[in-house]
Amino acid sequence: MENKKDYLTKTILCLMVIAVLTGCVALCSMGGTAYADTAEPLADAEPYGVFTKVDLDLGSNGTEVWAEAQNTFTLGKSTVSVYVFIYSSPTYQESYKDMTLENQKYIYDLDMGKSVRTSAPINGVQRFWRARMMYRLDNKDWVSKETVSILIDANGNLT
């Protein structure tokens with residue numbers, strides 16, 4: 001019972017924050033004070049996104065290793081451009097820069113709830129794998145994230 005109350009409270013608070021942020025975005029897109037008699041429509045004005053959350057995952061299905069980026073949440077109308085990369089190495093590496101790029105994929109606009117995935121075959125060889133992504137919201141700076149290096153055996157098992 002206590003968990004349900006906590007969940008409901010957190011859900012209501014989250015919805016309230018979203019409502020307030022959405023209101024702020026709406027006010028900002030108006031460009032300040034608007035006067036009904038003199039305001040002209042801004043045909044070219046488009047609101048930009050306020051926030052986005054893109055998650056990165058690395059996994060195996062037995063024959064290939066995949067790297068996947070998923071847009072789990074975006075606030076505001078926006079474009080979320082995403083690159084996703086997958087790297088491998090026969091030895092453990094702390095950085096993707098010391099690994100071999102196996103594959104990559106790009107999507108210009110990753111909608112909320114959608115994902116982009118790239119993969120590479122295991123080919124019966126045990127290797128260390130690492131996923132990396134770069135994303136940006138509208139024309140803001142690029143954000144880079146990566147997983148740790150994970151050992152995947154010749155049968156595709158994460159060890």
Side-chain angles (χ1 to χ4, degrees), residues 1-25 29 46-159:
M1 188 69 156
E2 197 67 32
N3 286 338
K4 287 183 181 180
K5 286 182 183 178
D6 288 344
Y7 176 78
L8 287 174
T9 302
K10 289 177 183 176
T11 302
I12 290 169
L13 285 173
C14 185
L15 290 173
M16 289 172 57
V17 168
I18 290 171
V20 168
L21 289 174
T22 303
C24 289
V25 169
S29 68
E46 287 187 28
Y48 287 105
V50 176
F51 172 80
T52 192
K53 183 175 186 293
V54 182
D55 292 327
L56 179 64
D57 199 13
L58 175 71
S60 169
N61 64 12
T63 59
E64 64 183 12
V65 178
W66 49 263
E68 182 176 78
Q70 181 180 24
N71 180 343
T72 54
F73 181 77
T74 298
L75 180 61
K77 182 179 179 182
S78 62
T79 300
V80 181
S81 299
V82 180
Y83 286 94
V84 63
F85 308 91
I86 190 164
Y87 299 86
S88 76
S89 174
T91 58
Y92 178 80
Q93 301 297 324
E94 289 283 333
S95 171
Y96 72 90
K97 294 176 183 176
D98 300 319
M99 302 174 85
T100 301
L101 175 64
E102 297 290 343
N103 211 345
Q104 66 183 15
K105 195 160 191 182
Y106 169 78
I107 187 166
Y108 173 71
D109 188 11
L110 185 62
D111 292 331
M112 188 168 70
K114 304 290 183 182
S115 61
V116 59
R117 179 185 279 205
T118 189
S119 62
I122 294 171
N123 293 330
V125 178
Q126 176 173 292
R127 288 186 277 183
F128 287 89
W129 294 84
R130 181 178 287 251
R132 178 174 160 255
M133 74 170 167
M134 292 175 33
Y135 69 91
R136 89 173 163 185
L137 181 64
D138 299 318
N139 294 322
K140 296 180 182 174
D141 291 337
W142 287 95
V143 176
S144 180
K145 289 184 181 179
E146 61 185 271
T147 65
V148 296
S149 294
I150 297 176
L151 181 63
I152 298 180
D153 70 19
N155 297 316
N157 299 310
L158 283 70
T159 57

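Numbers here simply count residues along the sequence, with the first being 1. Keep in mind that the numbers below use all heavy atoms, side chains included, and drop hydrogens, waters and symmetry copies. Being a predicted model, the structure only gives us computed values, none of them experimental.
No donor-acceptor distance shorter than 3.5 angstrom exists from the side chain of Asn71 to the backbone of Gly113, with no hydrogens or angles considered. Proximity of a side-chain donor or acceptor of Ser119 to a complementary backbone N or O of Trp66 within less than 3.5 Å is not detected. When atom types are taken as modelled, the side chain of Asn103 and the backbone of Ala120 share no donor-acceptor pair closer than 3.5 angstrom. Panel note: side chain Thr147, backbone Ala131; a donor-acceptor pair is recorded below 3.5 Å. At least one donor-acceptor pair closer than 3.5 Å links the side chain of Thr72 to the backbone N or O of Lys53.
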Next item on the list: Carefully, step by step, assess Phe73 and Leu75 under the rule side chain to side chain contact (heavy atoms under 4.5 Å, CB included).
Entry: CA-CA 7 Å; Phe73 181 77; Leu75 180 61; 3.8 Å; yes
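Ring-plane geometry between Tyr92 and Phe128 is classed as perpendicular, the angle between the planes exceeding 60 degrees on a 0 to 90 degree scale with a lower cut at 30.
With no hydrogens or angles considered, a side-chain donor-acceptor pair links Ser149 and Arg130 at under 3.5 Å. With 3.5 Å as the limit, one finds a donor-acceptor pair spanning the side chains of Ser88 and Arg127. Checking Thr91 against Gln93 by side-chain atom types alone, a donor-acceptor pair falls below 3.5 Å. Asn157 and Thr159 share no side-chain donor-acceptor pair at under 3.5 Å.
Taken to the nearest 0.5 Å, the CG atom of Leu137 stands 4.5 Å off from the OG atom of Ser78.
For Ser81 against Tyr108, the heavy-atom pair with the smallest separation is OG-O, 2.7 Å. Across all non-hydrogen atoms, the minimal contact from Phe85 to Gln104 is CE2-OE1, 3.0 Å.
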